[in-house]
Novice: 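Attaching a single structure in structure tokens format; questions to follow.
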Amino acid sequence: MLEKLIEEFKQIFHSSEAIRCFFAPGRVNLIGEHTDYNGGHVFPCSLSIGTYAVVQKRHDRKIRMYSKNFSEAGVIESSLEQLTYKTEDDWANYPKGVMDTFKKHGYDLPFGFDILFFGNIPNGAGLSSSASIELVTCVLLNKILELNIDMMDLVKMAQQAENEFIGVSCGIMDQFAIGMGKENQAVLLNCQTLEYQYSPLQLTDAVLVISNTNKRRGLADSKYNERRMECERALSDLQTSLSINSLGDLTKEQFEKHKSLIQNEVDCKRAKHAVYENERTKEAVAKLQNGDLKGFGQLMNESHCSLRDDYEVSGKELDALVEAAWLQEGVIGSRMTGAGFGGCTISIVQKAQVDRFVEKVRNTYYEKTSLEAEFYVVTVGEGARELTLEAV
Ligand code: NG1
Ligand code: MG
């Protein structure tokens, strides 16, 4: 595949300089949803699908970028002097945002680049195609400019680009999982302290299946911000009597004892999810580490119910996919993943049952929603990196 991308690169850009290739994965969160911005834990892993970037230096200060996924847009041109957000530049705002953030951090970008991007993760489905483009850009700048920035700092710069340049106030989970991911491991991240711990995914007889509802996440942005506000209100009510920094500081027992401090009933339900989901995530990882995959799966199912009933970020399509999955033989666990309102679900399924699982869930989902679901059996790959051409 890399060879083909390099050929295409040469056809689009007059190639005169050494060509280098980079990759950043997509990510999926196994459990710990809507906990990152509540100072709780998440448990994501990086995928072996993601975003490729083929790059060469330029002799001027132009940035010329082409995405194979949005070929109708052609080559999008900007310059290092004018890295401004433009609606019409669409996907190209992500790499521009990263370059702008590097400049804000005082890193001099002495020349421009020609870049071809290609992503094999579905866009806008909750697998973080945007953070994947951000991180691939971070790594290519870091390597080509020989800056030697730590991956953890690149992760924070990518998040800053998303927050400030794109204007999405996301937590750190996506960029972290994509930058710091390791093959066949998921990572438990404390989003408050940024302490993390890798945990092997011992899925000998099982596989991870991502199912895309193909329902666009229309409400996701506005509802996402609404949920953040509801949790902040609940937190400040609790802080009138408790000295805590975030909902992630509370145990379930403490929450039950003090929840009457929360003035608004809806805020209370949202906070309950944040507290319970955080505890559930730590519990699930402990089970996984003890070889109890079944117990892990049950907690994935409980996570879905909590997102559906207390956090109210699921929806007819996500529920239909998850409920269909729960009914199948060989299903260890299934839940929505990402912000919700559409996008994807994640299931752990026994290897021997996967084909049947896909067929049955596809049919049941279609009967209920008249939508075609897509399925991806994914493997857990390394985080963002340069690809050596010898490996082609
Ligand atoms: P998705 O929907 O996968 O992009 C969003 C946030 C995460 C996290 C999850 C909910 C963005 C870019 N990412 O993920 O930080 O809060 O929702 O767990 O908004
Ligand atoms: Mg995104």
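Computed from a prediction, not measured in an experiment: that's the story for all the values here. For ligands, and for the atoms within them, numbers begin at 1 and follow the listed sequence.
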Novice: Mind checking whether Met173 contacts ligand 1 via backbone (N, CA, C, O), side chain (CB onward), both or neither, at a 4.0 Å heavy-atom cut-off?
Specialist: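 The part of Met173 near ligand 1 is the side chain, not the backbone.
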Novice: Looking at ligand 1, does any of its N/O atoms fall within less than 3.5 Å of an N/O of Ala339?
Specialist: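 By distance alone, the answer is yes.
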Novice: With heavy-atom distances below 4.5 Å as the criterion, would you say the side chains of Leu247 and Leu238 are in contact?
Specialist: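 Yes, at least one pair of side-chain atoms sits under 4.5 Å.
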Novice: Of the backbone atoms (N, CA, C, O) and the side-chain heavy atoms from C-beta on, which set of Asp174 has a member under 4.0 Å from an atom of ligand 1: side chain, backbone, both, or neither?
Specialist: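 Side chain only.
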Novice: State the atoms of ligand 1, each with its element, that fall below the 4.0 Å cut-off from a heavy-atom position in Asp36.
Specialist: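 The atoms of ligand 1 under 4.0 Å from a heavy atom of Asp36 are 7 (C), 8 (C), 15 (O), 16 (O).
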Novice: Flag the pair Glu7 and Lys4 as a salt bridge only when some basic side-chain nitrogen lies within less than 4.0 angstrom of an acidic carboxylate oxygen.
Specialist: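 Between Lys4 and Glu7 there is no salt bridge, as every charged N stays at least 4.0 Å from the carboxylate O atoms.
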Novice: Using a 3.5 Å cut-off on N or O atoms only, is Thr35 in polar contact with ligand 1?
Specialist: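 Such a contact does not occur with ligand 1.
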Novice: How are the rings of Tyr311 and His273 set to each other: parallel, tilted or perpendicular (split at 30° and 60°)?
Specialist: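 The arrangement is tilted - the two ring planes meet at 30° to 60°.
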Novice: Any idea which atoms of ligand 1 are less than 4.0 Å away from a heavy-atom of Arg27?
Specialist: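 Near Arg27, meaning under 4.0 Å from one of its heavy atoms, ligand 1 has 1 (P), 3 (O), 14 (O).
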Novice: Measure from the ring center of Tyr224 to the ring center of Tyr37 and say whether it is less than 6.0 Å.
Specialist: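 When the ring centroids of Tyr224 and Tyr37 are compared, they turn out to be within the sub-6.0 Å range.
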Novice: Please give me the minimum heavy-atom distance between Phe111 and Leu80, naming the atom from each residue.
Specialist: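 Shortest heavy-atom contact: O-CD1, 3.4 Å.
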Novice: Which atoms from ligand 1 have a heavy atom of Glu162 less than 4.0 Å away?
Specialist: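 The list of qualifying atoms is 12 (C).
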Novice: Do any N/O atoms on Tyr37 end up under 3.5 angstrom from N/O atoms on ligand 1?
Specialist: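 No, Tyr37 has no N/O under 3.5 Å of an N/O on ligand 1.
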Novice: Out of Ser130, Gly26, Cys170, Ala177, whose heavy atom is nearest to atom 11 (C) of ligand 1?
Specialist: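 Shortest heavy-atom distance from atom 11 (C) of ligand 1: Cys170.
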Novice: Check Glu17 with Arg58, please: is the shortest side-chain N to carboxylate O separation under 4.0 Å?
Specialist: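 Salt bridge between Arg58 and Glu17, a charged N being under 4.0 Å from a carboxylate O: no.
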Novice: Donor-acceptor pair, distance only, cut-off 3.5 Å: does the side chain of Asn142 make one with the backbone of Asn148?
Specialist: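 Flag set: sc Asn142 to bb Asn148 pair under 3.5 Å.
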